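Here is the structure we will look at, set down as structure tokens.
It should be emphasised that the depicted structure is a prediction, and the values quoted were computed from it without experimental measurement.
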Amino acid sequence: MPTPLVLRFDDPRARSLSLVGGKAANLGVLTAAGLPVPVGVCLTTEAYRRVTERAGLEDVLGALATTPAGDVPALNALASRARELVLAAPVPGDIADAVRASADGPVAVRSSATAEDLPHASFAGQQDTYLNVIGADAVLDAVRRCWASLWTDRAVAYRAANDIDHGSVLLAVIVQEMVRSRTAGVMFTANPVTGRRREAVIDAAPGLGEAVVSGAVNPDHFVVDTATGRITERRLGDKRLVVRPLAGGGVEHVPAGPGDTERIGGIGDTGDTGSTAGACVTDAQLRALAALGDRVERHYGAPQDTEWAIDADGVLWLTQARPITTLHPIPRHAEPPTWTTTAGGPGERDEPDEPGGTRVYFCFSLAQGLYRPITPMGMSAFRLLSSSVYRMLGIPVPDGPAGAPVVAEAGGRLFFDVTGPVRGRVGRALFPRILDVMEARSARVLRGLFDDPRFGVTHTSPLPALRRAARLASRFHIPSRAVRALLAPASAHRDVRTVTRLIRSRLAAPEGATPLERLDHVEQVLGHRVMPLLPSVAPSAAAGFVMLGLAAKALGDRARPGELQTVLRGLPHNVTTEMDLALWRLATRIRRDPESTALLLGTPAAELAGRFATGSLPDVAGDGLAEFLSVYGGRAVAEIDLGLPRWSEDPTHIIGVLTNYLRLEDPALAPDVVFARGAAEATAMIRTLGRRAGGLRGRLVRFALGRARALVGLREMPKYILVTALAAMRAELLVVGAELAARGVLDDADDVFFLTVREVRAALTGPSPSGEGTPAALVARRRAEAARELRRRHVPRVLLSDGTEPEAVAVRAPVEGALTGTPASAGTVTGVARVVLDPVGARLEPGEILVCPSTDPGWTPLFLTAGGLVMEMGGANSHGAVVAREYGIPAVVGVSGATEHIVTGRSVTVDGTSGSVLTTPGTDGDAVATSVTVSVTDTVTDTVADTVIPGAVTPGGAGG
């Protein structure tokens, strides 16, 4: 059948992304669900394809493929050329006739790209919308300009920044009945700043919705608890501007008059006009909006960013819905779905999962310095390890591969449910103190929850925790090991070597093992054998830290700030330091061989890695690297994820470090010299502190600090042993993956790491699924998800089960002298201000704070380098706010007189959590940011809303 040129919203084919684009597909879904969508049709991507296939875009596409995302001038020039070609392309008669036939009364003509309004990419606001278009010829002209808007500067820059192939994107065009709205705006069905689910955030203003999404006005702002209908926040804006349709077509921007803010009745109203004088919507309408948003969210199974309008008769219309793409997912305890179930999508709702009330989740991934997502097999390994820890504590685990009950994951990151410690007396005393050393920022966030009535202390007795600790200490002889280490540190070092040899002997699967037997071996090692060995090592390092604390107590204020840290310089017996020094010794040997030195300094690391694999490096370099990898080849960047390659598989990174060592010419900066100097300083400091304490106290201090130096270096050993085991299990799983690839179940052996242990077992033993339900299809989806998660700009340290990020809602005291506005994108950043009144020709140095009256999508390229945003107009849902959240930069909007009070070149601190902007004296008024201190409290990011610019053409579409 021929591909249709025009489809009505109620046609089932109007939900096909490739045929109608993201925006129209969503309108088709909403129409089919019986939601109040204005009627309309879609000119399909077939029309765009036919018009542009002879437009001569091939050269432009080729140039764009090789242009870096950061080269904005080159991208803009290519975008301009593409627009010219599309606008010059002739429109075939049948397409022109189809467009003219759809022009019936005032309509909105809206772009709908195939890479837009998707669950993982918004692209909203990047193409144009034309409002109140009247007449067949005017509609055809608007359609042509929509096609050309696929090549606006902002759309091209957005695709380049998100690494999306320009040639793969097509454009459909919506022609939709125009809603002559009395009031309109934007509604998020989850709070885009705090992350809290089941909380509708509504911005409203008189007239067309363009005024709200463009940031042209400070709208009325409301927050509604969706479950109860309670309005929890009200903040009225000035609403000085109204956007109205003109009689002959197009729109006008005029000052608001007294009648514009007069509220009207309609859907949901039962005589309740609300208690907020001057608001453009009633309380009943707010509740009706929240209920509508809830219907939309339930239908999609995920929070939505919607646009709405109320017409002169009080009828509520839904003009657009799109996913809020960058809310962080809520942690889930169960394993991810396999190919036998639906992996996400409609019906699997992203809503609070609160057994026994709101839960508190701590991100272990961030605590380990791991921002990237963990592979599914890496997550599966952690679940097995957690089961082993629970068994050590005497707690039964019904399903080992599913992990301990506290383990959860979200966005590919590992979270622990720490509600128990937060609500227990012992947990409150110990857990934050451990984090003070490990991840101090998380400790502050958790302590901030102690006053929350939802997390009051319910476990008051310390006895259960003490009994469990006593059993663990007795079973693994922890006290005696610690005492032995203090009395004879050399015995602790011998124990470490013994455990290391023992674990290595337990890692290899039996020779000739089948793939299934190898998988069994992986489960046994991770689920039973590794973790019980760690108590043989950990007490020694713990004893060293106890000695450090004892010395600090004995010294009191006799120790000046930083002196005790000096004692820990140049620590011996640290396996990571030993690795670094081993690499330096290799660099020293290579430096004595001119051939090896010249080759390494003049060849890219990736090429050197290839030569090492083929054995074509000079002997000094090749043999030395092989020797190093034989000891440390199981390590890697992000090594706690066994799904990532080890250095022995891909030595590119370590070769790069080795090459940097060769470039080090200052002998005083040589790692072995620095280490020796630190050790000497530590020894001297111990003598100094001992003399300062004097007498018996001084001897105690010298003994305690000497033992600390002898034992604290062992702190790395538990992790090193664990990483060694993970590397060995990775090798076993690669063999299993190779077998599955040979059977045709997977495309590549490495694909096995995008399945879980349970899924690999099913693939080895069960019947092979077919179609999109195959393991290979699941791997492809997960690889794409991992690629998207790699681009996530913010991962919360602590997250509640209702989606709230406590750090984003922390109440801070107002700063005296600060400008205030609406918090729009959480986080704090300090940088040099750049006041920009017109984006044309403007440029921001990396990290500068953009200060402007308002923004529309034409400003988007400036956000690529901005460190923060201050805007005079707009609300939390206006274009500048949502783009700031997507790009991960702190933002405050609605700051009155910002462009007058802030001067270019001044240092500015933007607090997007509290809504304050603090300026400090700078240098001259036209200074350039040469160094910027960024302390981003990260941000709860959000989708980019469709938006508008003044005039009849509006990028995106306020729809009503």
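Residues passing the side-chain contact (heavy atoms from CB on, under 4.5 Å) test with L430, sequence neighbours excluded: V426. Under the rule for a salt bridge (charged side-chain N to carboxylate O under 4.0 Å, His left out), the partners of E233 that lie at least two apart in sequence or sit in another chain are R235. With sequence neighbours excluded, no residue forms a side chain to side chain donor-acceptor pair (under 3.5 Å) with Q304. Legend: residues meeting ring pair (Phe, Tyr, Trp, His ring centres under 6.0 Å) with F476, ordered by chain and number and at least two apart, are absent. In this structure A891 satisfies the side-chain contact (heavy atoms from CB on, under 4.5 Å) test together with A824, S825, L869, A884, sequence neighbours excluded. Taking F362 as the reference, F431 meet the ring pair (Phe, Tyr, Trp, His ring centres under 6.0 Å) condition, with sequence neighbours excluded. With sequence neighbours left out, the salt bridge (charged side-chain N to carboxylate O under 4.0 Å, His left out) criterion links E639 to R635. Shown here are the salt bridge (charged side-chain N to carboxylate O under 4.0 Å, His left out) partners of D641, two or more places apart in sequence or in another chain: there are none. R447 is linked by a side-chain contact (heavy atoms from CB on, under 4.5 Å) to P432, R433, D436, A443, F450, counting only residues two or more places apart in sequence or in another chain. Applying the side-chain contact (heavy atoms from CB on, under 4.5 Å) criterion to P806, with sequence neighbours excluded, gives V445, L449, V798, L800.
Taking 4.0 Å as the cut-off between side-chain N and carboxylate O, R234 and D283 count as a salt-bridged pair. At a threshold of 4.0 Å, the pair R782-E785 does not count as salt-bridged, since none of the basic side-chain nitrogens sits closer than that to a carboxylate oxygen.
For residues 401-422, every residue pair satisfying the ring-ring contact (aromatic ring centres under 6.0 Å, His included) rule, not counting sequence neighbours, is listed here: H328-F415, F364-F416. Within the structure, every pair that satisfies the salt bridge (charged side-chain N to carboxylate O under 4.0 Å, His left out) test and touches residues 452-465, not counting sequence neighbours, is listed here: D452-R454, R454-D802.
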Verdict with supporting geometry, L526 and L726, side-chain contact (heavy atoms from CB on, under 4.5 Å):
CA-CA 8 Å; L526 298 179; L726 291 175; 4.0 Å; yes
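No side-chain heavy atom of P796 sits less than 4.5 Å from a side-chain heavy atom of E807. Residues V829 and I889 fail the side-chain proximity criterion, which asks for heavy atoms closer than 4.5 Å. Residues L286 and I202 are in side-chain contact: their nearest non-hydrogen atoms beyond the backbone lie under 4.5 Å apart.
With respect to T189, the side-chain hydrogen bond (donor to acceptor under 3.5 Å, both in side chains) criterion is satisfied by exactly one of E297, R298, R198, E199: E297.
In this structure, a donor-acceptor pair under 3.5 Å is absent between the side chains of E409 and H333. For the residue pair T804/R196, the side-chain donor-acceptor check at 3.5 Å is satisfied.
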